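Heads up, the thing below is written out as structure tokens.
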Amino acid sequence: MDILMYTPIILLVVVVVLVWLIGKYVTGRKSGKVQQVPYAKRVKRVVGAYVLLLILSVGVFYLLPDKTGSLAEEQAEAPDHQDPFSLYDAASQGDVSDIDKDYIKEEWEFSTDENAIAITAPDVNQIPIVVEKKQANDDKIEARFYQTEMYAHGASIDVSGYAKPVQIEQTDQELTIIQPDPDEHQVELSAFKQEFPIMQFTNETWMSDDSPLSGEQLLYLQMPEDIKVDDSDAALDYVGELE
Amino acid sequence: MMSLTSVRLGDVVRKQLAFKLKSYAGMFSSLVILQLIAMLFSFGSIAMTGSTRGSLSVSIDYYSADMVIAFTILWIFIHALQLKTRENKDDDGAFITDPLSHNLSNIAFLGIGSVIGGVTALLSSYVLRVIHYFIPGSSPMLHTGLTDHVGEWLAGVAAAICYIFLFSALGYLIGTLIQLHKAYAIILPAVFIGVLVALAQSMDVHVLVMLKDFYFGEPSLLLALSKAIGTAAVLLAGAVMLSNRLEAK
């Protein structure tokens, strides 16, 4: 596999050798001062071959199929929900009924007859956990994982399929929220930026303004009314307690 | 009425230029080699950005052909310098020559070099993209960094040519100074670095940043080209005048 690291070098060496061979083939050898003109001709042909290669690469580039298309089943379309729609805003106000049902990616229901429960979320980051106290004591903890469409690089590539919901494990007096390992769900992309003499006159910035990743995930927990929640090991937001 | 002298000057310059294009042809093969080396260096990403939401992480590696342009600028600067410092009067010996026609043919030669260098440098971006595409295991490439209109690309090419020409003019002037007296080869870089450091330390004036903003930060194409060509004209006029003085010695 290490040979892959050297592929650019190998490809460039091939290009150099090709340009050199073309030059040599079409002009023959140079020897002595008398043949200065043939030498100039040889250079002319080498440069000509190089320019031809550059021009051909423009055509080849525009004919290449788009590899980013293989990331998603279909290329992303503009999101249905106009910004600034926010899962978090809706959930923190308890308006989960306003959230599109399609955004529910997983649901859980746990029974509990305890008076207190500790919620731990040791490795969960960037996923808000919103807790709602129910109006009744039904001894049931309901959990829902919401996820909007996830886009890489602005709204150009739909990577929703790569995002996985959290996992929830229940023991007697503890609910543990586990986040899958991000390294296993990594999307790698490459991008070219405009050359500085072009960028100077276009509106493009040095690095794209588009967010590398956009979209929202959220875990919504509904707790029995009288259960006491120990949130010392998790960052929880409570419905109605937020600005 | 066109005078007989100006016709002759034009003819002499044209003949000298044709001769230089042949005798200094090696300069263009060095351009090809330098640009290929720059492309090799450009395969390393220049920046990375990434973001994580829960279990999903996206990373984008950025690439650029700016290094090819930088190498091209370096190439013309060195050759412009050599054009004067390694100058052999016999070069133009086959023609009736005077300092003016000699300088004009050199400037025309540098102009041609700048055009070839500028166009090839900007086209090299596509070679990088194509090679990147075919590298096994390479990450999918976003269609970024492309111009929306041919006009934008041509504006970039025009700017690149002018910047390359500007540096060739600078090299030509420095070369002329060195030809005037070898001591300038040491004095000029020492004074340049000294002034840079002194201004930065004592007055917090960063000359290179100011120059970069003045030329490369100009958003108007017309102004950017005017600045580059105007400065190049001043530098070249200085070189021609110094050259005349040298000739009079």
Side-chain angles (χ1 to χ4, degrees), chain A residues 4 7-9 11-12 15-16 19 36-37 39-40 43-44 46-47 50-51 54-55 57-58 60-61 64 66-68 70-71 126-127 150 152-153 156 159 162-164 166 179-182 185-198 200-202 207-208 211-213 215 217, chain B residues 21-23 25-26 28-29 32 36 39-40 43 47 49-66 69 116 120 122-127 129-133 135-145 147 152-153 155-156 159-160 163 216-219 221 224:
Chain A
L4 294 181
T7 316
I9 301 170
L11 281 170
L12 259 176
V15 170
V16 173
V19 171
Q36 207 170 19
V37 177
Y39 172 67
V43 171
K44 208 170 160 185
V46 169
V47 175
Y50 178 62
V51 172
L54 293 174
I55 293 168
S57 70
V58 179
V60 170
F61 171 73
L64 291 174
D66 188 358
K67 266 193 198 174
T68 56
S70 62
L71 284 173
Q126 306 233 6
I127 300 177
M150 308 287 278
H153 195 250
S156 60
V159 288
Y162 289 81
K164 297 285 172 249
V166 294
Q179 179 177 280
D181 186 2
H185 306 98
Q186 188 162 14
V187 177
E188 288 178 352
L189 299 163
S190 52
F192 273 79
K193 78 170 195 72
Q194 281 179 348
E195 293 71 42
F196 73 88
I198 298 177
Q200 190 175 344
F201 311 113
T202 58
M207 271 163 95
S208 173
S211 165
L213 179 59
Q217 292 176 316
Chain B
L21 284 171
K22 279 176 186 166
S23 58
F28 294 101
S29 51
V32 174
L36 288 171
M39 279 189 231
L40 183 65
F43 280 111
T49 178
S51 184
T52 304
R53 294 273 190 293
S55 66
L56 175 63
S57 83
V58 168
S59 66
I60 303 173
D61 284 314
Y62 283 86
Y63 299 88
S64 158
D66 279 351
I69 301 171
I116 294 174
T120 50
L122 285 200
L123 281 174
S124 71
S125 158
Y126 291 93
V127 176
R129 288 167 198 263
V130 171
I131 293 180
H132 184 90
Y133 185 92
I135 294 172
S138 66
S139 49
M141 188 172 26
L142 296 164
H143 269 236
T144 54
T147 46
E152 281 182 352
W153 190 81
Y163 294 150
F216 308 137
E218 174 57 58
L221 174 67

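Since we're looking at a predicted model, the values are computed, not measured. Every chain is numbered from 1, with letters handed out A, B, ... down the list of sequences.
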Task: Distance-minimising heavy-atom pair for B/Ser57 and B/Thr52 - done: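 B/Ser57 and B/Thr52 have their closest heavy atoms at CB-OG1, 3.5 Å.
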Open item on the list: Taking side chain as everything from C-beta outward and backbone as N, CA, C, O, which of these in B/Phe216 sits under 4.5 Å from a heavy atom of chain A? Side chain, backbone, both or neither.
Closed with: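 Interface part for B/Phe216: both.
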Task: Proximity breakdown for B/Leu221 and chain A, heavy-atom pairs closer than 4.5 Å - done: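 Both parts, heavy atoms under 4.5 Å.
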Open item on the list: The criterion is side-chain contact (heavy atoms from CB on, under 4.5 Å); which residues satisfy it with A/Ala163, sequence neighbours excluded?
Closed with: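 Here the qualifying residues are A/Gln147, A/Met150, A/Gln217, B/Leu56.
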Open item on the list: So which residue, B/Ala25, B/Ser59, B/Ser51, ends up with the most heavy-atom pairs under 4.5 Å with chain A?
Closed with: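 The candidate making the most pairs under 4.5 Å is B/Ser59.
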Task: When A/Ser190, A/Gly215, A/Pro180, A/Pro197 are compared by non-hydrogen pairs under 4.5 Å with chain B, the top option - done: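 Sorted descending by pairs with chain B, the first entry is A/Ser190.
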Open item on the list: I want to check something: taking the side chain as every heavy atom from C-beta on, are A/Lys193 and B/Asp66 in contact at a cut-off of under 4.5 Å?
Closed with: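 Side-chain contact under 4.5 Å: yes.
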- [ ] Indicate the ring-plane relationship of A/Phe61 and B/Tyr126, choosing parallel, tilted or perpendicular according to the 30° and 60° boundaries.
- [x]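 Perpendicular, since the angle between the ring planes exceeds 60°.
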Open item on the list: A/Thr202: which residues meet the side-chain hydrogen bond (donor to acceptor under 3.5 Å, both in side chains) condition with it, sequence neighbours left out?
Closed with: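 A/Thr202 satisfies side-chain hydrogen bond (donor to acceptor under 3.5 Å, both in side chains) with A/Gln194 once adjacent residues are dropped.
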Open item on the list: Need one label for A/Gln179: side chain, backbone, both or neither, based on atoms under 4.5 Å from any heavy atom in chain B.
Closed with: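 Looking at A/Gln179, just its side chain touches chain B.
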